[in-house]
Amino acid sequence: MNTLDTEDRPEPSETVSSRRNFLKGSIAAAAAPMVLTSRESAAQVPLFPPSPPTQPWVMELPPEISPIEPVTAPLDERAPLPWANVGAGECGRGDHQRFQELCDKATQRGTPPLFYQLRAKQNDNWVFNPAYPPQPVWGWQGSDGQVTAPGPTFFARYGQPVIVRISNELPQDHQGFGSPEISTHLHNAHVPSDSDGYPGDYFSPNKAGPTLTVPGQWRDHFWPNTYAGLDQYGGNGDFREALGTCFYHDHCLDFTAPNVLMGQVGFYLFFDHLDSGDENDPNPKALRLPSHPYDYPLALQDRRFDADGRLFYDQFSPEGVVGDKTCVNGVIEPVLRVARRKYRLRVLNGGPSRFYLLNLVTPDGVGQSFIRIASDGNLLPQPLFDQFSMDLAPAERADIVVDFSKYPIGTELYLADRYIQLDTRGPAKNPSAVPRHVLKIVVDRDPPEPDRSRVPLRLRPLPPITAEEKTNARVRRFVFDRKGVLWTINGQLFDVDNPRVVVPKGGAEIWVLVNKSGGWHHPVHIHFEEGRILGKWIDGVRVPVPPWERGRKDVFVLQPGDGIGTVTRVFLRFRDFEGKYVMHCHNLVHEDHAMMLRWDIAPSTV
Ligand SMILES: [Cu+2]
């Protein structure tokens, strides 16, 4: 395969490979971290000056979101193909797996594949807050022509595949942090390897990642919107494996954190016959959860700004920069106006590094209850009533239902964070007594129609795991640690070209995730299929798995222990597709500094 090695990449990528090589060298050379605070130190010292003051509660979020619309697929030489159309400007990706089969099946069902265009573009005049100057972000342009960061939200339906043509129109002469090559990952969706946004699959008009053959202006992603278990369940998959709240984000090798900070994130919501997105659905099986426009995604992202109010980041520091401002859907301290009725709020920690302990509070700090219905985008088997907080590590999601009908018009509430976090190692043990408000919610109207939505006592059942499956599962152990100034898994850095683990297609395994890096939290994300936590141990003592972690998850938060460390056992299946995937720390700073592992699904020999 004619690959372009990272060593061949021109500026700014040469800087990267030099950085990587420099840091690799420093592992052997440096017995102790050079620029870092001691990893054993529990002290939290701010490494960077705080962001300048902002003007809170001035910017308004739109009262409802508008999903991206599909467009007509071109019928000319740029028509979507299962293989890379390099002659028409596509980068040299792998062939789409099961493309014809899944598209034909969907067409027979009366839901033929949809085609979308998503263009990564710079918006020169993004306003994070009125106190800061308009400045460039790397957003997405969808069907409405606006370039926004986060990008447009997809409403996807299980059983109806999509082909998303992502074009890279970012300024290729970019200076500063971030690198204008992209590889877009649809977080944990059941997606074939060629469309998973593998870190080595980054592309631009003149650069190709090491796992692509040639550069290109654009790239088609085949997202089949299929449940896991295609081959076991008559080609349709297992509806118990559905995702709901999902997001797409850049996964470019070495540059995920700065590229995500620059804006390369957007929501992707899945619906099916149960979670149908219609609270008036006459289908008796439909859950009828609060639906659009009362279904609202909220992406929280930590960012830091310099003295002039410009986005700041140090991409060469293996400790990165923790943001002290929390953007909600791209703006700081915005207002969301809601009607007096139930809402489904889909809260995403979009990273890169901050953890949140979120409460819904009155202006004088009184906690308000809500119902939690999903973790990491997966509906729980039963709703959790009377919840007051959500603990969200980078990439974790919580779907909650809040009933605003109990508040009079004019009520003001806040979504507030109570974690204290001064660096990227994770939050301090004791949360703050004083909540930090990140979003103001104003109950400002009665709904125009009666609220027929509900939260049923049963949501989505969990797929069973048999005792036999657990007994037969191969067990692998992965230790997340630190070596010199970089981050490692089982003592090794990320190797983009070679799998460290090869699993058989159709198999099931137990992965034991161990955190020995004293003081550092690692929210570990395993691509492809959701896992189930079988058990957790802190310093050798088994601890209960909280109810919101007892469903399917794709992020496993490895907290630090005070002694020998923490252990989480996860049951995973690997079905339907083949090829390369990754497991990595979703503290994007750790990911960029090599805490990532390539694992491949090999064809089943059975
Ligand atoms: Cu980490």
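Only heavy atoms go into these numbers, but all of them, side chains included; no hydrogens, no water, no symmetry mates. Ligands are counted one by one from 1 in listed order, and the atoms in each one are counted from 1 as well.
- Residues passing the side-chain contact (heavy atoms from CB on, under 4.5 Å) test with Thr153, sequence neighbours excluded: Ile65, Phe155, Phe267, Leu269, Pro297.
- The residues Asp399 and Arg372 are annotated as not salt-bridged, no charged nitrogen and carboxylate oxygen being separated by less than 4.0 angstrom.
- Taking a cutoff of 4.0 Å between a charged side-chain nitrogen and a carboxylate oxygen, Arg573 and Glu529 do not qualify as a salt bridge.
- Panel detail: the Cu ion (ligand 1) has protein N, O or S atoms under 2.8 Å away, 3 in number.
- Between Lys516 and Asp481 there is no salt bridge, since none of the side-chain N atoms of the basic residue sits less than 4.0 Å from a carboxylate O of the acidic one.
- Defined by atom type and a distance below 3.5 Å, a donor-acceptor pair is missing between the side-chain atoms of Thr326 and Asp302.
- Between Trp599 and Trp511, a ring centre-to-centre spacing shorter than 6.0 Å is recorded.
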